[in-house]
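Predicted, not measured: the structure shown is a model, and the values here were computed from it. We number each residue from 1, following the sequence as shown. Atoms considered below: every heavy atom in the structure, side chains included; atoms not considered: hydrogens, waters and symmetry mates.
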Amino acid sequence: MKTKLFVITPPFTQLNTPYPATAYIKGFLNTKNIESVQADLGIDVILELFSKKGLINLFEVSSFRFQVLDSEISDNSKRIFALQDEYIKTIDSVIQFLQGKNPTLALQICQEDFLPEASRFAQLEELDWAFGTMGTQDKAKHLATLYLEDISDFIVECVDENFGFSRYAERLGRSANSFDELYAALQKEPTYIDSILISLLKAKIEAVKPTLFLISVPFPGNLYSAFRSAQWVKQNHPEIKISMGGGFPNTELRSLSDKRVFEFFDFITLDDGEVPIEELIFHLENPDSDSFKRTFLLENGEVVYKNNSLKHDYKQAYVGTPDYSDLPLDKYISVIEIVNPMHRMWSDGRWNKLTMAHGCYWGKCTFCDISLDYIKVYEPVAASLLCDRIEELIEKTGQNGFHFVDEAAPPALMRALALEILKRKLAVTWWTNIRFEKSFSKDLCLLLKASGCIAVSGGLEVASDRLLKLIDKGVTVEQVAKVTRNFTEAGIMVHAYLMYGYPTQTIQETVDSLEMVRQLFEAGVLQSGFWHQFALTAHSPVGLYPEKFGVTKKTETIGTFANNDIEYSDATGINHDKFSFGLKKSLFNFMHGICFDYELQDWFDFKIPRTKIHPDFIFNALEEQNDFNTKPNAKVVWLGGRPSAEIFTKSKKGRSWEMMALTFHDKKESFDIQTSKEEGEWLISILSKISISNGKNFTFQEVKNDFETELEDFELFWYSKPINTLREFGLLIL
């Protein structure tokens with residue numbers, strides 16, 4: 001019997017855009033002519049819940065708690081329940097507004113007498129800072145988001161304690177060494193949210209009639225609903241085989257041994273899904289076959305791991321273009337949860353997700369799971385193929401926004417992609433994750449901006465050179481400052497991931513890191529950041545070789561279910577938790593552009609040492625140095641257009657010679673330069689050759705040789721005022 005696949009992401013990941021795993025799998029299955037249907041049950045459940053009908057049911061289900069005057073219910077929930085008619089009246093129009101279908105509602109929302117308000121609206125004093133210059137639509141999105149979060153608070157308190165917009169029952173999936181707690185939760189009656197999920201799943205299963213049901217579980221917050229979905233299908237359609245894959249099993253379930261998991265799933269696959277799924281399909285169509293790729297299954301009552309397939313994983317050129325068909329792209333909702341520029345990009349707007357390269361080209365950071373294939377196996381995609389996929393996705397989705405979800409996008413490939421985008425004259429908006437390495441020169445950043453890059457995020461981690469070396473990050477704080485300056489001056493927003501509590505980190509180093517971060521924001525080269533505390537994972541160098549990092553695992557026991565996050569003690573004995581509030585509060589203010597003059601001590605309610613960082617460390621690191629040592633093999637590119645030329649005669653002391661005035665037009669302004677007639681003619685000729693629209697890339701040495709066929713003193717001309725002017729308007733050396 002021919003296999004038909006149903007591929008889902010269970011609740012919940014993002015509200016504004018689909019998580020790309022199912023689209024990647026469907027794109028691959030298309031290349032094999034295998035029939036598949038995909039669904040994002042997260043957005044489906046949200047739209048069912050946050051609707052007029054959904055809220056009527058919600059308030060009805062919770063009403064008994066208010067009839068008995070439950071003393072444990074907060075005043076906030078009582079207020080929301082009392083205002084239920086206002087919520088029911090406004091919910092459909094608010095959801096339509098957040099879907100981009102009802103933009104005029106922004107005017108009413110911003111008058112602040114349209115939406116019912118509960119506790120989330122207590123933060124409104126920030127609004128003038130955040131949206132004073134940003135306009136009505138963004139302010140209304142933020143207010144509408146607060147309104148949804150108020151309803152979410154009500155659901156958590158009165159209906160389902162596990163609810164969360166981007167995660168569901170996440171507590172049950174985090175560090176779940178034992179399956180006991182999750183298994184016990186699954187034996188209970190389905191919750192209110194579960195009942196919505198199951199009703200939607202039932203309709204889809206009956207419509208699709210799959211033979212193989214694939215559930216992608218990217219995060220701990222998807223795990224519980226994945227099991228609930230599998231449980232219902234097992235009970236009601238036992239003939240359908242069920243498999244789990246995705247980021248959670250890839251990192252957490254590599255040592256799975258609990259048989260009870262296979263009461264819900266027939267298979268669990270690890271790492272790249274293409275070949276494992278292909279082998280599962282072959283097995284279902286040929287039951288006597290015993291060829292599996294990185295697959296757990298139950299055999300003779302025991303959990304076994306089979307990896308006996310002779311098939312190699314597919315090269316990135318052959319996995320196909322992600323296919324978003326079946327997903328309700330016009331129904332995702334853009335929210336602005338918190339006023340952090342980068343987090344806002346995560347939750348606002350629809351992004352097509354693509355990958356420039358499989359794995360990480362650096363692959364050395366000691367806190368990272370670099371022993372796993374999804375990071376360890378590095379394989380870039382050719383820029384021309386990436387652009388083919390970009391064009392295909394624009395045509396299919398009608399969206400030209402792209403988030404490249406790389407571990408760290410390679411600078412050389414980013415350069416090649418930007419050149420290809422410009423050569424094809426594509427209008428795209430894109431952003432990605434990078435390492436702050438010195439390859440990101442001023443000119444490369446300008447090229448990336450010209451191609452549509454609007455933001456980058458990267459790990460500064462612990463802003464201390466000793467710890468950056470221990471992490472094996474391959475960067476210094478000074479280098480990060482220069483790179484972030486290059487991006488910022490090109491008009492590309494920079495977000496830094498920041499870490500505290502790394503093994504052997506002293507209190508002095510935490511304080512000094514904060515001072516470095518303060519100076520980076522004060523210098524204006526960082527626009528966004530986020531502090532997170534170090535977590536020890538099983539597949540990182542610190543987890544594999546803890547003795548090298550002064551770390552002691554609290555237990556060597558390997559659980560029967562999830563094994564990734566490890567409890568440990570640090571040789572320093574420092575309680576890093578106590579820094580959390582002060583680091584995050586200071587960063588919040590720095591992102592507002594305020595409080596740079598505060599003493600670092602002011603952010604903490606316990607004594608800290610004075611910083612040892614010079615107050616002008618970042619300022620001095622950013623002092624500009626002209627570099628006249630251009631590499632001969634550097635690429636020379638002209639982003640501008642063809643100039644108009646006018647020849648005129650110049651005279652001095654009885655001597656006359658011909659000059660040329662060249663007029664250029666860029667998107668913002670027009671400008672002129674003057675050269676000798678001969679140099680002007682050469683310049684017009686070479687700009688045509690090195691134009692971005694020309695297929696061939698010229699090196700600096702080739703440009704120099706071209707000049708010297710007819711003229712002399714290339715260096716004198718190249719570093720002259722006319723060329724310096726062109727360097728400001730799109731003459732790039734890469």
Test of ring centre spacing under 6.0 Å for [X] and [Y]:
X	Y	answer
F227	F179	yes
F590	H592	no
F549	Y568	no
F581	F579	no
Y598	W603	yes

Exercise. F606 ring centre to K578 NZ or CZ under 6.0 Å, with the angle to the axis within 45°?
Worked result: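 Positive - K578 is close enough to the ring of F606 and near enough to its axis.
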
Using a 3.5 Å distance criterion without hydrogens, assess whether the side chain of [X] forms a donor-acceptor pair with backbone atoms of [Y].
X	Y	answer
S152	L148	no
Q505	G501	yes
D465	T476	no
H142	I336	yes
H358	V377	yes
S540	G543	yes

For this session: Could you please spell out the steps behind the side chain to side chain contact (heavy atoms under 4.5 Å, CB included) verdict for L587 and L498?
Result: CA-CA 10 Å; L587 183 63; L498 305 163; 4.3 Å; yes

Problem set entry | Distance in Å, N162 CG paired with I193 CD1, rounded so as to fall on 0.5 Å steps |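 With rounding to 0.5 Å, CG (N162) is 10.0 Å from CD1 (I193).
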
Check ion pair [X]-[Y] (N to O, under 4.0 angstrom):
X	Y	result
K306	E299	yes
D194	R228	yes
D406	R435	no

Just list the side-chain donor-acceptor pairs under 3.5 Å for residues 261-271, sequence neighbours left out, or say none.
| from | atom 1 | to | atom 2 | distance (Å) |
| --- | --- | --- | --- | --- |
| E263 | OE1 | Y183 | OH | 2.8 |
| E263 | OE2 | Y183 | OH | 3.2 |
| D266 | OD1 | K234 | NZ | 3.2 |
| D266 | OD2 | K234 | NZ | 2.8 |
| D266 | OD2 | I242 | N | 2.8 |
| D271 | OD1 | R254 | NH1 | 3.0 |
| D271 | OD2 | R254 | NH2 | 3.0 |

Problem set entry | Verdict with reasoning, T9 to N222, per side chain to side chain contact (heavy atoms under 4.5 Å, CB included) | CA-CA 8 Å; T9 307; N222 304 92; 4.3 Å; yes

Problem set entry | Under the side chain to side chain contact (heavy atoms under 4.5 Å, CB included) test, residues paired with K584 that sit two or more places apart |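 Counting only residues at least two positions away or on another chain, K584 forms a side chain to side chain contact (heavy atoms under 4.5 Å, CB included) with Y500, W531, S580.
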
Exercise. Side chain to side chain contact (heavy atoms under 4.5 Å, CB included) between F487 and I434: does it pass, once the steps are laid out?
Worked result: CA-CA 12 Å; F487 276 112; I434 62 160; 3.5 Å; yes

Exercise. Pairs in or reaching into residues 471-480: which pass salt bridge (charged side-chain N to carboxylate O under 4.0 Å, His left out), with residues at least two apart or in two chains?
Worked result: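 The answer is E461-K473, E478-K482.
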
Exercise. Checking side chain to side chain contact (heavy atoms under 4.5 Å, CB included) for the pair Y545/T366: CA distance, chi angles, key distance, verdict?
Worked result: CA-CA 10 Å; Y545 314 106; T366 54; over 6 Å; no

